[in-house]
Amino acid sequence: MGHGGDVIAELTTDHREVDEFFEQIEKTTPGNSERKRLVDQLTIELVRHSVAEEMYLYPAVREHLAGGDNLADREIADHARVEELLKDLEERTADDKDFDRLVIKLKTDVTSHVQDEETNLFVQLRNACPPSALEELGEKVRTAKKIAPTRPHPGAPSTPPGNKLLAPGAGLVDRARDFVSGRGK
């Protein structure tokens with residue numbers, strides 16, 4: 001899918017790509033190694049997306065929306081639960097007895113989070129921010145995804161300034177590990 005535009009368009013495009021990964025996973029036979037490869041690719045997308053949201057979207061939510069602190073905190077808590085599931089999946093093979101159960105739980109949690117963002121958070125943000133601010137956030141999110149980690153790091157900071165300081169280093173290490181292992185190809 002094409003990326004670009006304001007932050008809402010960018011993140012919505014990511015959401016549709018995640019939906020496609022879940023569809024592909026569901027089409028593969030349980031226990032098939034292709035499921036693990038697809039979950040690895042899904043993990044890369046979800047982690048990069050989450051890190052970018054935590055670096056730029058949620059600070060904007062805190063700044064521009066009434067009750068923004070509570071909204072951002074809830075979204076970050078959703079991310080933490082998803083990241084724990086991703087970490088658990090990272091350590092398993094496709095034929096592990098809990099693999100498919102964890103994938104179903106992941107899909108349920110991610111789908112709920114996406115629906116809430118698109119029907120609640122994004123609507124409020126579009127109403128509260130000028131188009132130029134949303135465009136600028138879109139650029140920042142795209143840049144953040146390029147340097148973001150590709151593996152779950154549940155203990156890493158999820159708010160600025162810690163996440164902005166540590167994410168690029170973790171991202172570099174993750175991409176090196178992915179290159180050596182062939183993960184995500």
**Q.** Pair E26-K107, side-chain contact (heavy atoms from CB on, under 4.5 Å): steps then yes or no
**A.** CA-CA 10 Å; E26 289 171 348; K107 181 180 180 186; 2.6 Å; yes

Q: Please assess Y56 against V7 for the test side-chain contact (heavy atoms from CB on, under 4.5 Å), listing each intermediate value before the final yes or no.
A: CA-CA 9 Å; Y56 295 105; V7 68; over 6 Å; no

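- No side-chain heavy atom of H64 sits under 4.5 Å from any side-chain heavy atom of Q124.
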(Q) Would E75 and V61 count as a side-chain contact (heavy atoms from CB on, under 4.5 Å) here? Give the steps. (A) CA-CA 10 Å; E75 300 294 325; V61 166; over 6 Å; no

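- Counted within 6.0 Å of CD on E90, heavy atoms from surrounding residues, nucleotides or ligands total more than 12; the atom is thus considered enclosed.
- The pair R16-D19 meets the salt-bridge criterion, with a side-chain N (NZ, NE, NH1 or NH2) lying under 4.0 Å from an Asp/Glu carboxylate O.
- Side chains of H153 and E83: no donor on one and acceptor on the other come within 3.5 Å.
- Between A60 and L137, the shortest heavy-atom distance links the atoms CB-CD1, 3.6 Å.
- The distance from atom OG1 of T150 to atom CD of Q41, rounded to the nearest 0.5 Å, is 12.0 Å.
- With R62 contributing its side chain and G68 its backbone, the two residues share no donor-acceptor pair below 3.5 Å.
- Using a 4.5 Å heavy-atom threshold, the side chains of V51 and P149 count as touching.
- Residues D96 and D98 come closest through the heavy atom pair OD1-N, 2.8 Å.
- Considering all non-hydrogen atoms of both residues, L86 and P152 come closest at C-CG, 3.8 Å.
- In terms of modelled atom types and a separation under 3.5 Å, the side chain of D116 and the main chain of S112 share no donor-acceptor contact.
- Taking the charged nitrogens against the carboxylate oxygens, K140 and E136 do have a contact shorter than 4.0 Å, which makes a salt bridge.
- Expressed to the nearest 0.5 Å, how far CG of L71 lies from CD1 of I76 amounts to 11.0 Å.
- Side-chain atoms of F99 and T93, non-hydrogen and from C-beta on, never get closer than 4.5 Å to each other.
- Heavy atoms only, all atoms of each residue included: M55 and A144 are closest at SD-CB, 3.9 Å.
- Looking at heavy atoms from C-beta onward, N127 lies in side-chain contact with V123 at the 4.5 angstrom threshold.
- Listed for the R92 side chain is no donor-acceptor partner under 3.5 Å among the backbone atoms of D100.
- A salt bridge is absent between D14 and R48: the closest approach of a Lys/Arg side-chain nitrogen to an acidic carboxylate oxygen does not fall below 4.0 angstrom.
- A donor-acceptor pair is defined here as one N or O able to donate and one able to accept, closer than 3.5 Å; such a pair exists between the side chain of T28 and the backbone of I25.
- For the pair I44 and G184, the tightest heavy-atom approach, listed with the atom from each and the gap, is CD1-CA, 3.6 Å.
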Q.
Go through it in stages, so that I can follow the logic: the residues are L57 and F122, the test is side-chain contact (heavy atoms from CB on, under 4.5 Å), and I'd like the CA-CA distance, side-chain angles, deciding distance and then a yes or no.
A. CA-CA 10 Å; L57 178 68; F122 290 175; 4.1 Å; yes

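- Rounded to the nearest 0.5 angstrom, I104 CD1 and L85 CG are separated by 12.0 Å.
- With rounding to the nearest 0.5 angstrom, the CG atom of L125 is 10.5 Å from the CD atom of E63.
- If you check the side chains of E17 and H49, you find no donor sitting under 3.5 Å from an acceptor.
- Between D40 and K36 there is a salt bridge, since at least one side-chain N of the basic residue sits less than 4.0 Å from a carboxylate O of the acidic one.
- Between V110 and L42, every side-chain heavy-atom pair lies at or beyond the 4.5 Å cut-off.
- A salt bridge between K87 and E84 is absent, with no side-chain N of the basic residue lying under 4.0 Å from a carboxylate O of the acidic one.
- Once rounded to the nearest 0.5 Å, the distance linking CG of D88 with CZ of R101 reads 7.5 Å.
- By the 4.5 Å heavy-atom criterion applied to side chains, Y58 and L121 are counted as neighbours.
- Between E20 atom CD and H15 atom NE2 the span is 13.5 Å, to the nearest 0.5 Å.
- Within the 4.5 Å cutoff, the side chain of D78 has no heavy atoms near those of the D109 side chain.
- R81 is not listed as a side-chain neighbour of H113, based on a closest heavy-atom distance of 4.5 Å or more.
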